[in-house]
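Just below is one structure, and these are the notes that go with it.
Below, each value reflects all heavy atoms present in this structure, side chains not excepted, and no hydrogens, waters or symmetry copies. Numbered from 1 within each chain, the chains take letters A, B, ... in sequence-line order. This structure is a prediction, so every number in the text was calculated from the model and none was measured.
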Amino acid sequence: MTEPPASPEVAEAIRVQEQLRSRWEPAAWAGPAPRTLAGVDVAYDGTGEAEDRVAAAVVVLDAATLEVVDQATAVGTAGFPYLPGLFAFREVPSLLRALERLTVTPDVVLCDGQGLAHPRRFGLACHLGVVTGLPALGVGKTPLLGTWTEPGPERGDWSPVLDGGETVARMLRTQPGVKPVTVSVGHRVDLDAATRFVLAAAPRYRLPETTRLADRLSCEALRAG
DNA sequence: GCGACAG
DNA sequence: ATCTTGTCGC
């Protein structure tokens, strides 16, 4: 309940986070299957300083064929240090600049990190979803918090991630016998829909193609820029 | 009090 | 996130 602010910047970030949270929309995915799925990721030069050089990338894929239909990048400075729980303040600014350079508006954004599976229920996927107004979900390699049991061994098997008595995410097996990923609600997408979208985007590998392509593009942009 | 801690 | 060789396997 209490969060001892380590600095004025941190206290302000937490305040902004709780302010944005009031604009969060939990609405279930009601529309037809998305036509496009976007993946976003950020590559870094340093190890967690506010001065680190960054390269943000967004890749838009056709949801049915997973072919790239658009992509964009933006290089700059992080502007905020890496602090668990305040990750969005490090990635969102440059991600917004990359998103502005797209020529198409994606139907759903798959973020590399958490959504509701966050200490204040407002991780990167919620934050980016709210500020862009786009449906968003979180797909992480490792959970930030919560407890869970090992999901079944088949692709599509999942188990709930609980925190404080509520389900905040799912550990989802995207490939048989491979370590599960963490899927959580971001904005305007429910957990069932988020699970479907992640599985659709990960037909071959553990991580969805959206994440893999955005990761590759961001690394290239960092080296080039 | 101590450790853990998305990328 | 990033630093990094070889190695096991389809």
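Closest non-hydrogen pair, A:L145 versus A:P119, comes out as CD2-N, 3.3 Å. Across every non-hydrogen atom of A:K179 and A:T142, the tightest pair is NZ-CG2, 4.0 Å.
Regarding A:L95, its CG atom lies at a distance of 14 Å from the P atom of B:dG7, rounded to whole Å. At whole-Å resolution of the value, CG in A:L145 and P in B:dG3 are 20 Å apart. One interatomic measurement links the two molecules: NE2 of A:H118 to P of B:dA6, which rounds to 11 Å at whole-angstrom precision. A:H127 has its NE2 atom 18 Å from the P atom of B:dG7, to the nearest Å. When rounded to the nearest whole Å, the span between CZ of A:F87 and P of B:dA6 equals 9 Å. Distance A:L124 CG to B:dA6 P: 13 Å, rounded to the nearest Å. Between the OH atom of A:Y44 and the P atom of B:dA6 there is a distance of 13 Å, rounded to whole Å. Per the geometry, CD belonging to A:Q17 stands 12 Å off C1' belonging to B:dA6, to the nearest Å.
For the pair A:E209 and A:R212, the salt-bridge criterion is met [side-chain N within less than 4.0 Å of a carboxylate O]. Ionic pairing of A:E150 and A:R173 is present here: one or more N-O contacts between side-chain nitrogen and carboxylate oxygen are shorter than 4.0 angstrom.
Residue contacts for A:T47: at a heavy-atom cut-off of 4.0 Å it reaches a base atom on one of the strands shown. Within the nucleic acid shown, A:L86 comes within 4.0 Å of at least one base atom, counting heavy atoms only. Within the 4.0 angstrom heavy-atom criterion, no nucleotide atom of any strand lies near A:D45. When heavy atoms are screened at a 4.0 angstrom cut-off, A:G138 is found touching no nucleic acid atom at all. Residue contacts shown for A:G123 include a base, since a base heavy atom lies under 4.0 Å away.
Under the 3.5 Å distance criterion, with hydrogens and angles disregarded, no donor-acceptor pair is assigned to the side chains of A:Y44 and A:E49. A donor and an acceptor atom, one from each side chain of A:T211 and A:D112, are nowhere located under 3.5 Å apart. A donor and an acceptor atom, one from each side chain of A:R170 and A:T195, are located under 3.5 Å apart.
Taking every nucleotide of DNA chain C with any atom under 4.0 Å from a non-hydrogen atom of chain A, the first and last of them, 5' to 3', are C:dA1 to C:dT2.
Between A:V168 and the choices A:L191, A:L144, A:D163, A:L162, the side-chain contact (heavy atoms from CB on, under 4.5 Å) rule is met once, by A:D163.
Between A:H127 and A:F89, the ring centre distance stays below 6.0 Å.
Near-neighbour residues of DNA chain B inside residues 156-180 of chain A, defined by a heavy atom below 4.0 Å, are absent.
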